[in-house]
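So the structure is just underneath, and the comments pick up after that.
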Protein chains: 2
Amino acid sequence: MVNQAESILKSSALSITSSRKKIIDVFLSASTALAHQDIEKLADQYDRVTIYRTLQTFLERGIIHTIPTTDNTIKYALCSDDCISSGHHHDNHVHFLCDQCGRTLCLDDVMIPAITLPKGYSMKAINMVVNGICKLCRA
Amino acid sequence: MVNQAESILKSSALSITSSRKKIIDVFLSASTALAHQDIEKLADQYDRVTIYRTLQTFLERGIIHTIPTTDNTIKYALCSDDCISSGHHHDNHVHFLCDQCGRTLCLDDVMIPAITLPKGYSMKAINMVVNGICKLCRA
DNA sequence: GTAACTGCAAAATATTTGCATCCTT
DNA sequence: AAGGATGCAAATATTTTGCAGTTAC
């Protein structure tokens, strides 16, 4: 039984350091996408700068991805296995941003429908974000 | 023939000032969505703080909206007529972010397809952003 | 041992707030 | 005239950069 964080780092050919493991663990145990600030709080033994640099590295390697939100914040989430494997990032599920609790959730079961672009445009990635009230806030 | 910027301000019950008119004109003559920085450059006779406050006001009144992008920037665009009218903002077309020139375009002819959310979730707004290479960069 | 990673300090940017003055109605 | 909008100054917050010391391999 190998540590999951370590195995993620290994498959991206990154050296295994305690800050990187910690930040991956934070993502693994989070149920939602996280803002830089959230990560700072949850991994507060590490320098803010290290977190910036680590997130940057993870983005480049496709370990995490950003979720575009209308509320002027940037949220990060772990990529699912199949989106790391291909080398090319593609996240094909819908994201949900709750206007009440502010959480960003991956709706893994809701696929993004196909669309047709006008002539001359090529598509590399597609994102779909729904704003509203989530299950928990509504209850 | 009334000035278009003035008529937009009037229908939102905002007082007509030169900075507000200028900023609306900037949007009207832009072919793409604009970042705060772009607006600063295009309306550089006005204070940076005024631009912050004006954009904030316009967002609240539904004169402009933000477009979520994966590249960690916030882009603003004028709402189309029909999205102002209802009081409730709803932008039902797809946005395109060109990875090469960085421009954000409204694909007015491409509608966002309907999706079904899991039980317990309610939808207030939906956004769809496609990344890729635009028509002009490809040519 | 070497290259890469981290922490600290500091610089550069971006955003927010307070207040006095000016402009719109 | 009154309320709201603007500009300036300054306080905060965010992000980037340089460098020296430390760690992974």
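Letters A, B, ... mirror the listed sequences (proteins, then strands); counts begin at 1.
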| said: Using side-chain contact (heavy atoms from CB on, under 4.5 Å), reason through A:H95 and A:L105 one step at a time and then give a plain yes or no. | reply: CA-CA 6 Å; A:H95 289 111; A:L105 307 161; over 6 Å; no

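Here A:H65 and A:Y76 keep their ring centres 6.0 angstrom or further from each other.
Rounded to whole Å, atom P of C:dC23 lies 15 Å from atom CZ of B:R20. Taking atom CD of B:Q45 as the reference point, atom P of D:dG7 lies 9 Å away to the nearest angstrom. As a whole-Å value, the separation of A:Q37 CD from D:dT15 P is 9 Å. Per the geometry, CG belonging to B:L14 stands 10 Å off P belonging to D:dT6, to the nearest Å. The separation between B:L9 atom CG and D:dG4 atom C1' is 14 Å, rounded to whole Å. The CG atom of B:D47 sits 14 Å away from the P atom of C:dT16 (whole-angstrom rounding). The interatomic distance linking B:R48 (CZ) with D:dA13 (P) rounds to 18 Å, in whole Å. In this structure, the CG atom of A:L55 is 14 Å from the P atom of D:dT14, given to the nearest Å.
The closest donor-acceptor contact from the side chain of A:T57 to the backbone of A:R53 lies under 3.5 Å.
One cannot find a donor-acceptor pair under 3.5 Å joining the base of D:dG4 and the side-chain atoms of B:R53.
B:F96 and B:M111 are assigned to two separate hydrophobic clusters, defined by single-linkage of ILVMFWY side chains at heavy-atom distances under 4.5 Å.
Sequence order on DNA chain C of the closest nucleotides to B:Q56 and A:T54 puts A:T54 first from the 5' end.
The phosphate of D:dG7 has OP1 or OP2 within less than 4.0 Å of a side-chain N or O from B:T50. The phosphate of D:dT23 (OP1 or OP2) has no side-chain N or O of A:S15 nearer than 4.0 angstrom. An OP1 or OP2 oxygen of C:dA4 is reached within less than 4.0 angstrom by no side-chain nitrogen or oxygen of A:T17.
Nearest to the side chain of A:Y46, among C:dG7, D:dA9, D:dT6, sits C:dG7.
Between B:I51 and B:A43 the shortest heavy-atom distance is CD1-O, 4.2 Å.
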